[in-house]
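What's counted below: heavy atoms across the whole structure, side chains too, no hydrogens, waters or symmetry copies. Naming convention: chains lettered A, B, ... in sequence-line order (proteins, then strands); numbering from 1 in each chain.
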Amino acid sequence: MMMWFARNARIQLIPMESPPKTISYSCLTTKFGQMMMGTTTVPFTVDSKDQVAICVLYFIDENVAKTYDEVRKRWPKSDLCKDDARIQLVADKLFGPDKENSEAIPVAILGSEFQLSVWRALVDLKSGETCTYSQLAERMGRPTAIRAVANAVAKNEVSILIPCHRIVSQNGASKYHWGAALKQQLLKFEKSDSY
DNA sequence: GCCTATCGTGATG
DNA sequence: CATCACGATAGGC
């Protein structure tokens, strides 16, 4: 069985102040299909050393070229550098046996305060747990900003790691950037205890 | 099903 | 700046 990310992997969200200068990327084969991962380097908060953080994680739903174009379009000012070795290193940390007690996975994000708070709320959702857009809005203390929350959810660059698939609409309609079918698969898998 | 309230974004001038 | 159109929504009818 193809490896999948650890169920209770801890995600450390690191806000960026500007788009990454360079994004090192490569493709991965996962249980739910091919993905493209991109990383950048961000400064540690404690010392001045840099660390590698994931800033892009897209499903490749058609082909690599199309997904590359999506990344290119989202990050027009960043240099995209193919770097299989670096991505493999990160992937080895992310996938495999349950990493429940291991170190947090650094994820670099760029967005408004509102978007950051939505994404932080998403990361708090546990595997197998779902939440509606309106529940999320209420949790943020912005009960009427439902559409705004949905917009922010949709801007998530890092699928799976920021688990936007766990947000569902109140009548089960539930859209997803990479297709409602994949979203259902992910949810079913997370509820099935088949890690 | 259609209609409308709602609100952060991004585009546009 | 001001304005406008646009959603991965929800609720009323």
Side-chain angles (χ1 to χ4, degrees), chain A residues 4-5 7 9 11 13-21 23 28 30-38 40 42 53-63 66-80 105 107-192:
Chain A
W4 189 235
F5 74 105
R7 175 200 292 272
I11 303 299
L13 295 181
I14 305 168
M16 296 183 282
E17 40 202 53
S18 57
K21 189 172 186 307
I23 297 175
L28 306 168
T30 77
K31 179 177 175 56
F32 291 97
Q34 290 277 113
M35 302 185 81
M36 181 174 289
M37 177 187 286
T40 185
V42 294
I54 302 169
C55 57
V56 164
L57 189 58
Y58 289 15
F59 283 100
I60 298 173
D61 46 11
E62 284 185 37
N63 55 60
K66 186 192 165 211
T67 302
Y68 177 90
D69 286 344
E70 287 172 8
V71 177
R72 173 79 282 157
K73 197 173 171 190
R74 172 61 185 86
W75 301 102
K77 294 178 181 156
S78 305
D79 292 326
L80 303 185
I105 295 157
V107 171
I109 51 179
L110 179 66
S112 66
E113 272 311 309
F114 182 80
Q115 287 168 330
L116 295 187
S117 60
V118 169
W119 297 335
R120 282 192 275 257
L122 287 183
V123 167
D124 289 337
L125 293 174
K126 294 184 294 251
S127 178
E129 184 183 1
T130 59
C131 168
T132 65
Y133 294 92
S134 47
Q135 283 169 346
L136 194 68
E138 270 177 25
R139 263 171 225 189
M140 291 173 54
R142 306 292 308 280
T144 55
I146 305 168
R147 297 300 298 271
V149 164
N151 282 328
V153 169
K155 291 268 171 55
N156 173 31
E157 277 299 285
V158 183
S159 69
I160 309 303
L161 301 180
I162 293 178
C164 59
H165 59 282
R166 296 181 190 147
I167 305 297
V168 297
S169 50
Q170 215 157 260
N171 57 30
S174 212
K175 301 186 180 175
Y176 193 54
H177 184 82
W178 290 285
L182 177 56
K183 185 172 186 173
Q184 292 312 313
Q185 285 179 54
L186 290 167
L187 290 174
K188 185 181 171 193
F189 175 76
E190 291 189 341
K191 286 172 185 165
S192 75

Taking the minimum atom-to-atom distance to the side chain of Thr144(A), which one of dG8(B), dT6(B), dA8(C) wins?
dT6(B)
Mind telling me whether Trp4(A) and Phe32(A) have parallel, tilted or perpendicular rings, with 30° and 60° as the class edges?
perpendicular
Does dG11(C) have OP1 or OP2 under 4.0 Å away from a side-chain N or O of Gln170(A)?
yes
Using a heavy-atom cut-off of 4.0 Å across all strands, would you classify Tyr176(A) as base, sugar-phosphate, or nothing?
base
Between Ser169(A) and Gly172(A) (side chain of the first, backbone of the second, donor and acceptor by atom type, cut-off under 3.5 Å), is there such a pair?
no
Measure from the side-chain heavy atoms of Cys164(A) and tell me the nearest of dC7(B), dA10(C), dA8(C).
dA8(C)
Would you indicate what Ala154(A) reaches in the nucleic acid, counting non-hydrogen atoms under 4.0 angstrom: base, sugar-phosphate, or nothing?
base
What's the spacing between Ile167(A) CD1 and Leu187(A) CG if we round to 0.5 Å?
10.0 Å
If you assign each of Arg147(A) and Ala152(A) to its closest nucleotide in DNA chain B, which residue comes earlier from the 5' end?
Arg147(A)
Taking all atoms of both residues into account, what is the closest heavy-atom pair of Arg74(A) and Leu110(A), and its distance?
NH2-O, 4.2 Å
Does the side chain of Glu157(A) pick up a donor-acceptor pair with the side chain of Tyr58(A) at under 3.5 Å?
yes
Using atom types as modelled and distance alone, determine if a side-chain donor or acceptor of Ser78(A) lies under 3.5 Å from a backbone N or O of Pro20(A).
yes
Does dA8(C) have OP1 or OP2 sitting under 4.0 Å from an N or O in the side chain of Ser174(A)?
no
Consider the side chain of Asn151(A), meaning its heavy atoms from C-beta on, and name the nucleotide among dG7(C), dA8(C), dT6(B) that approaches it most closely.
dG7(C)
Residues from residues 133-142 of chain A lying under 4.0 Å of DNA chain B - heavy atoms
Arg142(A)
Just to be sure I follow the notation: if a pair is Watson-Crick (purine N1 to pyrimidine N3 plus N6-O4 or O6-N4) or a G-U wobble (N1-O2 and O6-N3), each under 3.5 Å, what dot-bracket string does DNA chain B give, with | for pairs to another strand?
|||||.|||||||
Locate the shortest heavy-atom distance separating Gly128(A) from Glu190(A); write the atom from each residue and the value.
N-OE1, 3.4 Å
Taking the side chain from Trp119(A) and the backbone from Ala152(A), do they hold a donor-acceptor pair closer than 3.5 Å?
yes
